[in-house]
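Input: a single structure, listed below in structure tokens.
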Amino acid sequence: MSCAPASKPTSRPPASCSPPAISPKAPAPWCRRMSENRPMSADYKATVFLPRTDFPMKAGLPDLEPRLLRRWADIDLYGRMRAAARGREKFVLHDGPPYANGHLHIGHALNKILKDVIGRTQSMLGKDADYVPGWDCHGLPIEWKIEEKYRAEGLDKDQVDVVAFREECRQFAAKWIDVQREEFKRLGVVGDWNHPYTTMTFKAEATIAAELGKFLMDGSLYRGAKPVMWSVVEKTALAEAEVEYHDHTSVTIWVGFPVVKASRPELDGAKVVIWTTTPWTMPGNRAIAFGAEFDYAVVEVETVEDGALAWPGQRYVVLKDQIEQVAKDAKCSFLLVATLTGADLAGTVCHHPLKFHPDADGGYDFDVPLLAGDFVTTDTGTGFVHIAPGHGEDDWQLGVANGIAVPDTVQPDGTYYPHVAIFAGQAVLAQGKNGKYYSPVAKPVIEAMKACGNLLAHGKVEHSYPHSWRSKAPLIFRNTPQWFISMEKTGLRDKALAAIDATRFVPDQGRNRIRSMVEGRPDWCVSRQRAWGVPITVFVEKKTGQPLREQEVVDRIVAAFMEEGADAWYTSPPSRFLGNGRDPADYEQVVDILDVWFDSGCTHAFVLEGDTWPNLRAPANLYLEGSDQHRGWFQSSLLESCGTRGRAPYDAVLTHGFVLDEDGRKMSKSLGNVVSPQDVVSTMGGDILRLWVTGSDYSDDLRIGQEILKTQVDIYRRLRNTLRYLLGALDGFTDAERLPAGDMPELERWVLHRLTQLDAGLRRACADFEFHGWFTELHTFCAVDLSAFYLDIRKDALYCDTADSPRRRAARTVMDILLDTLCKWLAPFTCFTAEEAWLARHPSEDGSVHLETFPDIPAEWRNEALAAKWDAVRAVRRVVTGALELERAAKRIGSSLQANPLLYVDGNLYPAIADVDMDEVCITSGMLVVEGQVPDGCFILADVPGVGVLPRPAEGEKCQRCWKVLHEVGKFSHQGVCGRCSDAVDRLAGSAE
RNA sequence: GGGGGUGUAGCUCAACGGUAGAGCGGGCCGCCUUAUAAACGGCAUGAGCGCCGGAUCAGCGCACGAUCCCGGUUCGAAUCCGGGCACCCCUACCA
């Protein structure tokens with residue numbers, strides 16, 4: 001067994017006999033805190049290098065951030081960032097445009113902060129990553145706002161000039177762009193805010209028209225007829241995104257369709273029973289669908305109850321499993337006559353149940369065939385679905401597949417066309433006195449069916465039903481002429497699928513998601529019967545009904561739009577576009593506008609291409625939006641670009657989840673769980689919100705609430721105080737003090753090694769666009785490695801060593817590297833605080849950390865062997881601190897400097913600590929390290945075998961300067977201090993002269 | 001209804017077929033004002049069920065435990081498979 005004192009001998013002899021040089025700034029007497037047994041001791045506080053900085057502990061972000069934003073504007077930081085990036089490799093993150101309507105919500109904040117973080121990390125990796133924000137301006141929500149205003153003034157929109165109306169919409173969008181711009185900037189998002197793109201600039205409108213022209217010219221744009229979700233209140237077709245589902249009470253009817261041609265003898269004289277919740281669609285009925293796999297039954301009415309509409313002896317065909325339910329609904333009992341499968345029904349033909357109505361006048365004199373439909377289900381109804389091809393997607397497809405013409409029955413205002421027998425002019429939907437919508441024609445239909453003897457029953461049902469997201473009125477499916485882009489004519493679907501395969505998706509599940517949507521989607525309906533948008537710039541030749549496909553015409557339209565905006569479509573005579581050779585009377589000018597998804601799908605064309613923003617280029621490296629945009633912008637952009645350019649407009653697509661409350665529920669006003677970014681920013685600060693984004697796994701849904709934000713504030717405080725301490729420690733640091741890494745103690749080299757690990761992690765995180773794991777690591781580094789370990793240990797050298805001590809110089813060199821590195825690493829994330837700290841270190845008129853790039857961490861700092869050794873040192877340290885804790889609990893010691901323990905380390909771990917100052921590492925006044933077995937009675941930790949600590953109090957006097965308790969104290973020229981401190985005081989006095 | 005996703009300590013996240021971990025928070029202690037306190041350090045907690053207590057701590061018992069629940073594959077499952085439940089996104093709107 002060998003004994004080795006771990007403390008370095010203090011060999012410096014007493015220096016001089018001169019009295020201690022005490023700084024004139026010696027504290028006032030009330031600060032005196034000397035122990036009573038050393039009444040004559042001096043106060044050495046002024047000779048200690050305490051941290052000094054103006055960087056405040058309390059951030060005051062709500063005040064600080066606007067100040068920094070003003071500074072950045074004053075020094076044109078954005079312009080200088082662009083200048084600094086000139087010539088570098090480009091990284092283009094193309095902004096998905098938010099809708100310019102209303103204040104930002106937390107989802108906007110997440111999206112834009114994430115974009116900003118990625119843009120900034122790419123910049124700091126040394127790329128040219130310009131960010132041009134954009135806005136989506138056209139569309140129904142704004143149009144509706146203006147209409148609302150008109151209604152409030154008692155005006156009808158139709159009385160207002162369309163160009164004037166569009167101008168109001170434009171002003172409205174412009175107003176909200178200004179509001180949102182300021183809100184985004186407040187979040188610290190950096191970009192070309194003075195030159196954002198919008199979908200309503202003349203150039204954008206012209207480009208959109210030009211892009212549409214490409215689909216026109218290649219034949220994929222066509223006019224078709226299709227039932228679409230239609231609002232009779234707004235008199236327009238609605239996009240999928242504009243539809244909401246709410247409960248709605250509908251009248252239901254059971255109707256028997258008399259069989260006129262039976263595929264099987266059992267069906268002769270029977271009626272096929274359908275059930276529907278939309279009686280108003282009965283005039284549009286043209287077929288009946290059944291499930292080929294299901295079992296059906298022919299039943300005969302045996303008895304009837306009061307109020308039943310059937311009569312004994314009548315035969316009906318229904319789904320076998322629903323016999324009892326239908327009997328109950330029809331208030332009668334059935335006898336089973338025959339059973340047959342769905343397939344047996346093929347070929348059966350019925351006539352319309354209203355064919356023999358006295359007022360029918362031949363209007364319902366047509367065959368109603370039974371057709372197999374795979375959408376038929378057995379859980380509700382009768383197993384038969386009435387098919388009105390003009391009133392449903394399934395209906396339409398089945399009709400088209402079987403060559404059935406799609407009838408037009410309902411006019412745009414929701415009334416039947418004059419040609420509709422019995423019901424002409426009646427409304428299918430109206431608002432009752434109680435404000436609820438109902439179908440006024442339900443009753444007449446019931447009466448008509450009754451009159452024909454074909455009504456079996458009627459009732460009411462409450463069910464989820466589509467409603468207009470704005471007017472909240474129920475919607476109908478209505479057959480309308482619409483413009484479509486074919487998914488097949490030019491192979492658009494295949495091109496899009498190939499492009500999906502060629503795109504990187506982060507996370508990868510996004511690929512399947514968009515793929516399955518593109519695989520199954522119908523042709524793209526791009527028309528809207530509205531006013532605020534880019535018109536469908538097409539002329540239809542009256543003679544042929546075909547759109548005019550003429551490039552010169554397209555070019556003239558585009559040129560006009562470029563000069564005057566899309567209003568030119570409304571203000572110019574058609575001859576201006578048609579040219580001299582054509583008679584405008586021969587053409588119909590289309591007045592529909594484009595779906596706003598087509599607008600935003602074209603942003604790549606007018607933002608990334610061309611020279612308006614020379615820092616951008618197509619295709620974009622990245623599109624980044626919420627996961628709902630698989631259906632929206634990711635797809636509209638993909639289809640537009642594949643149709644016109646044969647490839648996706650992006651190389652990679654990143655999606656993030658949705659923001660939920662702390663319990664994982666959707667935010668809603670009614671639940672009162674809405675967190676607004678404006679509130680967070682004004683009470684806690686933008687950096688807190690940015691920290692929340694950075695620390696969250698945004699590939700999935702993420703949560704926010706008071707507790708989560710409080711956690712972010714705590715994390716922020718740790719980062720801030722680490723920066724603050726480093727700033728204080730570096731007070732007066734100059735390059736002359738710097739020491740090369742090779743000359744540093746192991747502890748410093750270990751810190752540098754940790755930086756190489758974190759650096760590698762950061763670069764990985766940037767490449768993967770995934771920061772939360774790395775950020776946790778960085779925070780742990782600050783809290784555990786720096787604050788609790790490295791900085792704590794180095795306080796002694798920092799405060800008490802002489803200014804030229806290599807140990808102190810090494811520490812300050814590393815702290816400078818740490819501060820520099822932390823500021824730069826934090827810059828993309830907590831952009832305000834990083835700047836604040838940077839400026840505290842490098843005061844300057846126009847400097848900024850955001851003009852920097854990530855530091856180059858020298859590869860030679862990496863030292864795995866050293867790291868392994870220091871892992872062992874820290875394990876031993878834990879045993880010591882654990883032992884001291886018991887002493888503290890027993891009131892034998894307070895601070896660890898009051899201890900001078902005996903440390904036993906066996907042969908396994910001893911080599912790791914043999915040449916380490918364990919008293920320095922453990923912050924004790926001394927330590928005796930013994931290599932060998934741990935004797936009984938020592939403090940041990942189960943997970944650090946072979947290490948034992950025998951705590952002992954430090955003996956001697958407490959050095960008044962460094963607080964170590966040492967025997968040598970008092971034996972030097974200065975009173976009450978150790979040799980090192982006495983020397984340091986001398987040096988200080990010398991340099992002060 | 002269909003498609004996709006998620007579910008691990010109070011919070012944020014690890015581990016992703018082989019000992020369930022970190023940081024933060026909360027708790028206790030120290031810091032003799034040397035990160036001057038909205039600071040700093042240390043320690044111990046924290047992922048079943050039940051019993052006994054007015055309650056808390058401690059204690060005891062069951063289990064032989066712990067990754068939303070149930071089941072399966074496996075020597076071994078948080079991890080793979082199946083079935084539920086909950087929540088989120090997309091979609092449909094069911095006649």
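Values below: all heavy atoms of this structure, side chains included; hydrogens, waters and symmetry mates excluded. Proteins come first, then strands; the chains are lettered A, B, ... in the order of their sequence lines, and each starts at number 1. As the structure is a prediction and not an experimental result, all values here were calculated from the model.
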A:Lys891 side-chain N/O to B:rG30 phosphate OP1/OP2 under 4.0 Å: yes

Residue pair A:Arg478 / A:Val228, side-chain heavy-atom distance below 4.5 Å: no

Sugar-phosphate, base or nothing in reach of A:Lys666, heavy atoms under 4.0 Å: sugar-phosphate

Candidate nucleotides B:rG10, B:rC24, B:rC13, ranked by approach to the side chain of A:Asp697 - the nearest: B:rC13

With sequence neighbours excluded, residues passing ring-ring contact (aromatic ring centres under 6.0 Å, His included) with A:Trp280: A:His391

B:rC13 and B:rU8, which share atom name P, separated by this distance in whole Å: 10 Å

Heavy atoms of other groups near A:Asp54 CG, more than 12 under 6.0 Å: no

From B:rC90, B:rC11, B:rA38, nucleotide with atom closest to A:Met517 side chain: B:rC90

Options B:rU34, B:rG5, B:rC43, nucleotide nearest the side-chain atoms of A:Thr881: B:rC43

Minimum-distance nucleotide to A:Ala783 side chain [options: B:rU34, B:rG41, B:rG23]: B:rG23

Listed nucleotide nearest any side-chain atom of A:Arg703, set B:rC40, B:rU12, B:rG42: B:rU12

Side-chain H-bond candidate by donor/acceptor type, A:Ser787 with A:Arg718, under 3.5 Å: yes

Shortest side-chain distance from A:Trp963, nucleotide among B:rU34, B:rC93, B:rC40: B:rU34

Residue closer to the 5' end of RNA chain B, A:Asp663 versus A:Gly773 (nearest nucleotide): A:Gly773

Integer angstrom distance from the P of B:rG7 to that of B:rU74: 26 Å

Phosphate OP1/OP2 of B:rC40 contacted by A:Arg718 side-chain N/O (<4.0 Å): yes

Touch class at under 4.0 angstrom, heavy-atom based, for A:Phe658 against every strand present: sugar-phosphate

Nearest-angstrom distance, C1' atom, B:rG5 to B:rC64: 36 Å

Given B:rC11, B:rG25, B:rG42, the nucleotide with the shortest approach to the side chain of A:Ile708: B:rC11

Test side chain to side chain contact (heavy atoms under 4.5 Å, CB included) applied to A:Thr924 and A:Asp919, A:Val965, A:Leu897, A:Thr881, the passing residue: A:Asp919

Sugar-phosphate only, base, or nothing, as touched by A:Ser895 at under 4.0 Å among non-hydrogen atoms: base

Closest listed nucleotide, where the reference is the side chain of A:Arg888 and the choices are B:rG42, B:rC40, B:rC87: B:rG42

Sugar-phosphate only, base, or nothing, as touched by A:Gly664 at under 4.0 Å among non-hydrogen atoms: sugar-phosphate

Gap in Å between the two P atoms, one belonging to B:rU12 and one to B:rG30, rounded: 33 Å

Closest to side chain of A:His772, choosing from B:rG10, B:rU34, B:rC13: B:rC13

Closest to side chain of A:Asp714, choosing from B:rU12, B:rU6, B:rG25: B:rG25

Sugar-phosphate only, base, or nothing, as touched by A:Gly894 at under 4.0 Å among non-hydrogen atoms: sugar-phosphate

